[in-house]
Each structure stands twice: as C-alpha cells, then as structure tokens.
2 protein chains.
Amino acid sequence: MEQSDAATRPRNGDRKAPPTIYDIARLTGVSPSTVSRALNKPGRLNAQTERRIRDAAAELGYRINPMARALPTGKTGTLGLLVSDITNPAYFDLVRAAERVASETGMTIVFADSQESPELERATAERLQTSVDGLLLVGSRLEDHQIQDLSSVKPLVVVNRLVEGIPAVIPDVRPGITTALERLREAGHRRIAYLAGPEASWMNGQRWQHAFEIAVQWDMSIVEIKSNAPTREGGAEAFGRVKAADVSAVLAYNDLVALGLLRECRDHGLDVPGRLSIIGFDDIFGADLPTPALTTIRMPLALAGERGIRRLLIEIDGGASENEAALPTVFVDRESIGPAA
Amino acid sequence: MEQSDAATRPRNGDRKAPPTIYDIARLTGVSPSTVSRALNKPGRLNAQTERRIRDAAAELGYRINPMARALPTGKTGTLGLLVSDITNPAYFDLVRAAERVASETGMTIVFADSQESPELERATAERLQTSVDGLLLVGSRLEDHQIQDLSSVKPLVVVNRLVEGIPAVIPDVRPGITTALERLREAGHRRIAYLAGPEASWMNGQRWQHAFEIAVQWDMSIVEIKSNAPTREGGAEAFGRVKAADVSAVLAYNDLVALGLLRECRDHGLDVPGRLSIIGFDDIFGADLPTPALTTIRMPLALAGERGIRRLLIEIDGGASENEAALPTVFVDRESIGPAA
DNA sequence: ATAGCGCTGGCAATCGGTTGACGACTCACG
DNA sequence: CGTGAGTCGTCAACCGATTGCCAGCGCTAT
C-alpha cells in the first residue's frame, strides 16, 4: 500500500490559527464586541458597519469558535444521541433522521453506543452531558430513577421508553400487534408464542403486554419464551424452546431474533410458514431478503428520531411540552405467515 | 399515550450549575490553579494536598468542563466521523469500532452523514472542523484537492480512499478479487461483468481496476455496467443491462447492488447461480439472508474503523506516520456462484 | 436653548479552565 | 550560620467569544 510522504503532509505546527473576531476587528477598525454584534445581532448596528464587518469576516473565512461561544452562553450547539446497540439495523434510520434534523437546525450530533450495557450507558451519558445541550436516549436499559437523575442535570428525551416525568417519543405498538394477531387468528392459529427480548427493555414489556392482552381477549393461548440476546444468535438459540412449546406461530421481540429463528428453522428443515408462522418487529433492513420474506410490524423509527430531536430542542428552549400524536406501527404482511398447521 | 407532567419535570431554570474548580478551591482552601494541577498533573503537588483536593472533587461530583478546557489548550477531546451514507450497513461495524476505540481513549465521536452528496460533505466537514481535534473521512466523495484543503486546517485521515499527502487506511481489495475471479474461472466463466458504483468513489475505481487487470491476465472478457446508485434500487434497475450484456457472472460494486440485482433475478425467474453467478462486496449484514445466500468479498471494516481512529490520534499528537500493514479482504463463498451456464 | 431620546459603538467583566513565572519555605551541606 | 537547591502553591495572563452598561452623537420637542 502506498504511503503518504510525511514531509509534505501538514504537521500540527504548520497549521495556522483560524481567524478570530479580533482579527476582523483589527481589519475593520472596530472593537471585537462590535464584531460580535454584527455577526449575531442583525440590526443592532449601523447597516454599513455591519456590512463592512460581514464582508471582512467572509474574506478572512471566519468561522465562529463553538468552544469560545459555549463558555459565556452555556450553549454548546451539540446534542447527544445514545443508542443501546448501533449494530441493530433498526436504529440506522433513526440515527440518520436525527442527524438530518439536527444539522438542519445547526446542531451537531455526538453519538455513542452503549452495547446493551447499562453500566456503559450510564457512564457514557454522564460523560456526554458535560458537553451537550441535551441528550436523546434511545431504547435505554437504565432504570427509571437513573434516567430521572440524568434529566435533572440537562434536558433529556427518551425514545422507546416511558419514564415518569420525562418527555418521551413512543411508537404505539398496539395497531400493528392487533392487526398481526387478527391475521393469525383468521389463519386458524390458536396457540402462539412471544419470543422475548431483554428484560431491561421497556419496549419488550410493551410488546409482550399488548400481545398478551389481545391474545387473551381473542381466546388464543400465548406463552412467553425467553431469549439470550436480542440478536440473530439469540433467535437461533431459542429454536429448541420454540419447537418444544408446540405453538403454530411466533411473534418475536424484533426482526433480529425473528431472522435468527427463521434461519434456524430452515436449517432444521422446519417449514415456514407451513409448519410455523413467524412475525418480526421493526421492519429492519434485510427483513424482506430471506425466503420466505419476513412478515413484520414496522416501527416508524425515522419519524421517532426526528420527533425525538425536535422535542429535545423544545425542551432545551424551555418550551412548553405538548402532547404528541402517537406514531402508529403498521403490519407488513410478507411471506412468513400462513394457515395454522 | 401517557404524557409526562410539565409541572414535575425539571425546567431549565431548575437545574443547578455544575461545580467548578473554583468551588473545589473554596472548599479546600487552595487556589483554583492548584486544583487544576492536582487534577491533571499528578505528582506536581504535595501528596496530601492532592489527596484532599481529589476527595473534595469526588464529593462535589466535579466533572471537568470540556469547553472551558478547550479554550486555552485548543484540544476539544472530540473526533469527527463523516461517512458517505450511514444507511449503508457496511458502515455499521466501522462506526461502532471507531466509537469504541475513541471512547477507550477518552475521546468523543461526533458523527455525520453526507448522504452521498459532495456538497453536503464539504459543508459538514468544514462545520465539524471548528469543534473537533481531527476528522475521519470514510468513503469520501470529495475531490483530492478539497480533501487536501481540509487537511491543512486540522488533522485528517481518510478511509477507503487514497489522496496524495493524506494519511489513509485502505483495505487491500486484491486478495479478495483474485480469489473470486479464480473461482469463477475454475467454474468455467469466461465473460463477466463489473456492476459499477459511484464514479466519485475511489473504492469503486480500485475494484474495477483490479478486477479488470486480473480478468485480462486470465483471458476472461470483462465489461463495466453502470448503475444509478450504490443501493438495492440501483442494482435492481441495472438488471436489464446485465441481461443484455450476455455474461455468465457479475461482480458487483457492493452487496447492496448485488442484493438488488439478485432479487430482481428472482423476480424475473432468472436462476442464480444456475444462469448467472453474482458476487458482492463488503459482506454486510444480511448478505447471508437471501436464497441463494450472497457470495461476497469481505471488507475488514471494523478493523478499518479502529485503525482509522488510531491513526488519527497519532496524527493529532503530531506523531510520525508509519507504514501500516494492509488490511486484506477475504472471499466469502456462499451460494450465489456456480458453474457457467 | 436645553432636556430627552434613539441609535451606535466601546469598555470591561465574565465564562472555567491552563500555565509560565515567581516567591516562600524547608532542608542539607559546607 | 549562610547559601543553594528543591518543593509547593499562588498570581496573573490568556484562550475567544458574549453582554450589561455607558458615552457620544444627532435629532426632536418643549
């Protein structure tokens, strides 16, 4: 592999310091405070002076130093985004949407992943808090009081989680689950299983609870099957228990475990959807790839990311909290469900 | 959906200012500068004084204010990560590895996505540069001179790209492509196609160039087929042109286009690998999901992310640049190639 | 003529740390 | 007992912006 020549590459010492408002002030013969006003209090100054200063700033290629501004104002222009597991494709769209909204409003996203570890999540959250204006916690595995503590330091919004006293953006899983169970019922399924996610996940609780209620209401039997991890491996590993449960359909915590289970079924020659129907959750990238393509319940995660950031911005401004319309989930029927065996 | 009660939620005014070194100084009866030294120059002070100060700091729950530190030192403790498209699963592992290494060394990652737009990439890079110690550009779509300009402002490392005078981390595509074409040749393929990626992508050039050289060397014919976008849609859209090209195998720019093409073949009843063999690039999440599972060339992207950040840290320290061992790609044989029709 | 006002722009303090220079103090040694 | 070498902690300047307060100016209204 070719290597760049150290002699021609700019070393740290070579880089010239970027221009400051003092440079502009000197160039235009005004004081630094006037420059500051010209740049961020339009109208406060004489129009000509302002023009002159702006031109000089443009000419020098001036860019404000966010650190220097942060000191007196206390605003860093930065938002923290903390997700439980970045390698879960479910978060891709959320992250991107969040990043887009943030940069549209001139904010910068600092980003971290807690790798499903509550310890790491707490430590990271605390570290980030010193340098951001607010924090967006997605799929937090912390306990309620820990989240409340964090919220007493800096504005904070949670996504996929409900905590007393904390602003939240939460998709409503009910419509998706209702439709899904309706379809299963129409197809003759009477015994189904819920393949669970992490216990620390609030969203897992929601999914189980609603599936349970609806199943009971419709006279279907439902059992909860544990999984080791909310990943494809976790789903594959649960195969034996699913088989032993003697159910005709499985609703999985998320698409990752559904995909893992689906693959394991294929490898063991268990026909899906002939012998077993499988429904996932999230509608992640790749859910439509296998044969049969995965039937799933789509979470509006890009929207959740956008709403989360907007909500956080309002929170930072000290704005009033308004009730939000719920973000509905939708059932996406593909190929992994069929008539009960 | 339940809504949190605005009255009980901490509003901005409620939050108390975090402790500063001045608070610690007052508490322990020393001067602020002594506190500063106690905290970052271990050994510079009397052991007892240092102890007393550290204890007081711990008791107050002191956390350093990164902005305040950044001002005199010029070091923000932050690294910028700019990828061409965050929704490409290829980058997930890279991003996560980068984040992990960064936080191990106490750095924070600020993260942005340029959505395949050079304009946006440049603007974002410039904006980030004011608040980071260095920038990692992954799969940049900028022109060489633009990258060089950026590099003259702050330390910068590129991944998946080679630019004169700029430190780079680059997987070596040769081994993977060589093995792949070897297999195709053994399987009797003589006419193959390269389904191309974005012209602004240096990596696309590499892949084409090496595939071309090796094909020529082995007396296989090879044609380049354009695609609209490096996505599944782009791959699907190229189906007609692939069919018209009368080749028995396709090497795709990346797994996304390979997957798109594969799906389109299935939908049109073109047997893969019976009538057409397909090889992807990257080995992204989901490549093993379809039937047939996608044969591909794996890029060591997590490793690239890690190396990229380490290299950047060295660059920031003004350290000497050392030649790096190349990161080899490996051929992952799954189910999408077979004997030539 | 003068008080009063709005418009402009400067002064200086401030945010929270970092760091070079320096003085006070201790101690050993000749 | 005087001196030189360390050791320890303080002083004060500084990083780059923001902002409350004030002064000078020209103008109008009384």
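Numbers restart at 1 for each chain; the letters A, B, ... are given by sequence-line order, proteins then strands.
- Distance A:I24 CD1 to D:dA17 C1': 11 Å, rounded to the nearest Å.
- Here A:V30 lies in heavy-atom contact (under 4.0 Å) with sugar-phosphate atoms only.
- Atom CZ in B:R52 sits about 11 Å away from atom C1' in D:dG9, given to the nearest Å.
- Bending across the helix from C:dA1-D:dT30 to C:dG30-D:dC1, expressed as the angle between its end axes from five pairs apiece, amounts to 60° (10° rounding).
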Exercise for the section: Give the C-alpha distance, both sets of side-chain angles, the deciding distance and a yes or no for salt bridge (charged side-chain N to carboxylate O under 4.0 Å, His left out) between A:R122 and A:D149. Expected result: CA-CA 10 Å; A:R122 201 189 46 73; A:D149 288 350; over 6 Å; no

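- Between B:L45 atom CG and D:dG6 atom P the separation is 19 Å, expressed in whole Å.
- Put simply, B:T20 has no side-chain N or O that comes within less than 4.0 Å of OP1 or OP2 on C:dG16.
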Exercise for the section: In sequence, state the C-alpha distance, the side-chain angles, and the governing distance for B:L79 and B:L312, and then conclude on side chain to side chain contact (heavy atoms under 4.5 Å, CB included). Expected result: CA-CA 9 Å; B:L79 267 21; B:L312 185 53; 3.9 Å; yes

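- We find that CZ of B:R51 is positioned 15 Å from P of D:dG9, with the value rounded to whole Å.
- Annotation: B:E104, atom CD; neighbour count of heavy atoms from other residues, nucleotides and ligands within 6.0 Å is above 12.
- In this structure, CG of A:N46 is placed 13 Å from C1' of D:dG26, rounded to the nearest angstrom.
- Rounding to whole angstrom units, CD1 of residue A:I53 and P of D:dT18 are separated by 13 Å.
- Separating the CE atom of B:M67 from the P atom of D:dT18 is a distance of 15 Å, rounded to the nearest angstrom.
- B:S103 places no side-chain N or O within donor-acceptor distance of the main-chain N or O of B:G106, the cut-off being under 3.5 Å.
- The distance from atom CG of B:L71 to atom C1' of D:dC15 is 4 Å, rounded to the nearest whole Å.
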Completion exercise
Protein-proximity profile, nucleotides 18-27 of chain C, B/S/- by nucleotide at the 4.0 Å heavy-atom cutoff, equals BBBB------

Problem - Stepwise salt bridge (charged side-chain N to carboxylate O under 4.0 Å, His left out) test for A:R100 and B:D113 - result: CA-CA 8 Å; A:R100 182 177 47 73; B:D113 158 39; over 6 Å; no

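- The closest donor-acceptor contact from the side chain of B:K154 to the backbone of B:G134 lies at 3.5 Å or more, if one exists at all.
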Handout entry: Worked check of salt bridge (charged side-chain N to carboxylate O under 4.0 Å, His left out) between B:R52 and B:D55
Key = CA-CA 5 Å; B:R52 237 173 60 235; B:D55 290 348; over 6 Å; no

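- The backbone N or O of A:E164 sits less than 3.5 Å from a side-chain atom of A:Q148, completing a donor-acceptor pair.
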Problem - side-chain hydrogen bond (donor to acceptor under 3.5 Å, both in side chains) evaluation trace for A:T130 with B:R63 - result: CA-CA 7 Å; A:T130 64; B:R63 316 203 87 88; over 6 Å; no

